[in-house]
Participant: 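Encoded as structure tokens, here's the structure I'll be asking about.
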There are 2 protein chains.
Amino acid sequence: MAQHSHTHVIDEDMEAEIALRLRKADQRFTPARRALVAALVAAKGPMAIADILLVTEKMPQSSVYRNLTVLESVGVVSRLMSNDEYGRFELSENLIGHHHHLICQQCGAMSDFNIPHDMEQQLDSTLAQLASANGFTLEHHRLDIVGKCSACK
Amino acid sequence: MAQHSHTHVIDEDMEAEIALRLRKADQRFTPARRALVAALVAAKGPMAIADILLVTEKMPQSSVYRNLTVLESVGVVSRLMSNDEYGRFELSENLIGHHHHLICQQCGAMSDFNIPHDMEQQLDSTLAQLASANGFTLEHHRLDIVGKCSACK
DNA sequence: ATGAGTGCAAAGGCTTTGCATTAGG
DNA sequence: CCTAATGCAAAGCCTTTGCACTCAT
């Protein structure tokens with residue numbers, strides 16, 4: 001499992017793993033997809049489409065959307081929602097590690113953070129019990145801090 | 001603070017409190033708004049617009065949207081996002097109490113649950129520290145269980 | 001009477017899709 | 001060659017807005 005920090009580490013292992021997952025689905029690791037992965041690797045949190053378009057200037061919106069959908073379908077990226085209605089994308093947790101998000105309720109931006117291991121484990125076991133008590137099959141949990149980022153306050 | 005259970009308790013205090021908040025904003029507690037509040041009170045979790053329209057059959061979509069916006073602006077309801085891109089509405093936590101959500105990743109439905117008080121407090125203090133350590137002003141937190149509801153599995 | 005509330009329809013804005021063209025294996 | 005991938009434009013879909021009408025104070 002990759003270690004998580006403020007920006008993500010792009011290493012050959014990850015590169016190879018991504019290529020493998022695409023290949024398994026008969027998909028290619030094209031320049032456009034590399035650019036998208038690179039953008040997400042460089043980010044310190046999930047990116048909105050608008051953010052991505054700023055970084056991948058030449059790429060048409062439809063290509064961004066379609067390639068992110070492909071990358072999501074092969075488990076390379078995850079699509080998640082912030083407080084606003086725009087979808088955001090990040091590298092899958094199985095590539096960059098489990099983490100949580102700071103959500104700015106003003107601008108909707110998300111950035112990553114971690115909680116202590118012991119609290120994470122305590123949370124996991126408690127939530128597992130609560131899920132089954134509610135007839136729910138737990139897949140994972142989501143813990144966000146909602147507030148104002150330094151830029152917005 | 002109201003006690004939270006599977007469905008919410010509609011009592012006169014809450015009724016009066018809602019009326020008060022509307023009045024303060026020069027807004028009226030109209031039949032349409034009462035119907036919306038009633039729908040949310042009866043629900044066991046946040047409702048999507050589609051859900052609300054099923055319950056408030058005669059109400060035009062625009063009235064649903066507009067009245068929910070008003071109710072949100074006076075702090076009676078909260079708008080939040082599930083895993084899908086459709087906004088969901090629930091009564092504000094200051095009316096029904098702090099709680100968390102089970103999110104079905106298949107149908108997007110949300111239902112409420114609670115965690116033990118001591119864990120909640122532990123979480124609160126840890127997140128407060130982490131927020132400030134990240135230059136963030138913590139407003140509140142969000143903890144969801146993501147998985148499959150009994151209907152979808 | 002005066003401003004809030006309502007209803008219908010049209011407009012917005014993000015996202016998806018169709019289709020013809022290009023390119024990689 | 002053959003299928004995936006791309007690009008542009010058009011269509012979709014939830015949500016918001018404009019505007020005239022109604023209603024409560």
Participant: C/dT6, OP1 or OP2 - any side-chain N/O from B/Ser63 closer than 4.0 Å?
Facilitator: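 No, no such contact exists.
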
Participant: DNA chain C: A/Thr69 or B/Asp26, which has the more 5' nearest nucleotide?
Facilitator: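 It is B/Asp26, whose closest nucleotide lies nearer the 5' terminus.
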
Participant: If I take atom CE in residue A/Met59 and atom P in nucleotide D/dA5, what distance separates them, rounded to the nearest angstrom?
Facilitator: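 Between P of D/dA5 and CE of A/Met59: 14 Å.
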
Participant: Base, sugar-phosphate alone, or nothing: which one does A/Arg33 contact when heavy atoms must sit under 4.0 Å apart?
Facilitator: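 Answer is sugar-phosphate: A/Arg33 comes under 4.0 Å of backbone atoms only.
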
Participant: Return whichever of A/Val70 or B/Arg28 has its heavy-atom-nearest nucleotide of DNA chain D closer to the 5' end.
Facilitator: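 Comparing both residues, the 5'-ward one is A/Val70.
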
Participant: Looking only at the aromatic ring of each residue, does the gap between the centers of A/His98 and A/His117 stay below 6.0 angstrom?
Facilitator: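 Ring centroids of A/His117 and A/His98 are no less than 6.0 Å from each other.
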
Participant: Rounded off to whole Å, could you give me the CG-to-P distance for the B/Leu53 and C/dG7 pair?
Facilitator: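 Spelled out: CG on B/Leu53 to P on C/dG7 is 12 Å.
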
Participant: Could you say whether A/Thr30 or B/Gly87 is positioned toward the 5' end of DNA chain D, judged by the nucleotide with the nearest heavy atom to each?
Facilitator: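 Of the two residues, A/Thr30 wins.
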
Participant: Any side-chain donor paired with an acceptor under 3.5 Å for A/His101 and A/Glu90?
Facilitator: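 Side chains of A/His101 and A/Glu90: pair found under 3.5 Å.
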
Participant: Write down the distance between CG (B/Leu71) and P (C/dT6), rounded to a whole number of angstrom.
Facilitator: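 Atom CG in B/Leu71 sits about 10 Å away from atom P in C/dT6.
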
Participant: Tell me the interatomic distance from A/Asn67, atom CG, to C/dT17, atom P, rounded to whole angstroms.
Facilitator: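 Going from CG in A/Asn67 over to P in C/dT17 covers 15 Å.
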
Participant: Using whole Å, what does the distance between atom P of nucleotide D/dC13 and atom CG of B/Asp84 come to?
Facilitator: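 Spelled out: CG on B/Asp84 to P on D/dC13 is 15 Å.
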
Participant: How long is the line joining OH of B/Tyr86 and C1' of C/dT16, in whole Å?
Facilitator: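 After rounding, the gap between these two atoms is 12 Å.
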
Participant: Compute both the distance and the angle, then confirm whether B/Arg34 meets the cation-pi test with B/Phe29: under 6.0 Å from the six-membered ring centre, within 45 degrees of the axis.
Facilitator: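 B/Arg34 over B/Phe29 ring: yes.
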
Participant: Within the structure shown, what part of the strands sits under 4.0 Å from A/Tyr65 by heavy-atom distance: base, sugar-phosphate, or nothing?
Facilitator: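 It contacts base atoms.
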
Participant: Does a distance-only test, which skips hydrogens and angles, find a donor-acceptor pair under 3.5 Å between the side chain of B/Arg66 and the base of D/dG18?
Facilitator: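 Result: at least one qualifying N/O pair found.
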
Participant: Nearest-nucleotide wise, let me know which of B/Phe29 and B/Glu85 is further upstream toward the 5' end of DNA chain C.
Facilitator: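 That would be B/Phe29.
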
Participant: Figure out the CZ/P separation between B/Arg34 and C/dG5, and round it to whole Å.
Facilitator: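 Distance, rounded to whole Å: 13 Å.
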
Participant: Test your reading of the model: is there a side-chain donor-acceptor pair from B/Arg21 to the backbone of B/Gly75, 3.5 Å cut-off?
Facilitator: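 Checking the backbone N and O of B/Gly75 against the side chain of B/Arg21, a donor-acceptor pair under 3.5 Å is found.
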
Participant: Need one value for A/Gln27: base, sugar-phosphate or nothing, where a base atom within 4.0 Å counts as base even if backbone is also close, heavy atoms only.
Facilitator: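 Touches sugar-phosphate only.
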
Participant: Spell out, yes or no, whether A/Phe89 and A/Ile103 are grouped together once hydrophobic residues are joined by side-chain heavy atoms under 4.5 Å, including indirect joins.
Facilitator: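 Hydrophobic grouping puts A/Phe89 apart from A/Ile103.
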
Participant: Once you apply a heavy-atom cut-off of 4.0 Å, does B/Ala32 come out as touching a base, just sugar-phosphate, or nothing?
Facilitator: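 Result for B/Ala32 = sugar-phosphate.
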
Participant: Once you round it to whole Å, what is the distance between C1' of D/dT16 and CG of B/Leu68?
Facilitator: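 Taking atom C1' of D/dT16 as the reference, CG of B/Leu68 is at 13 Å.
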
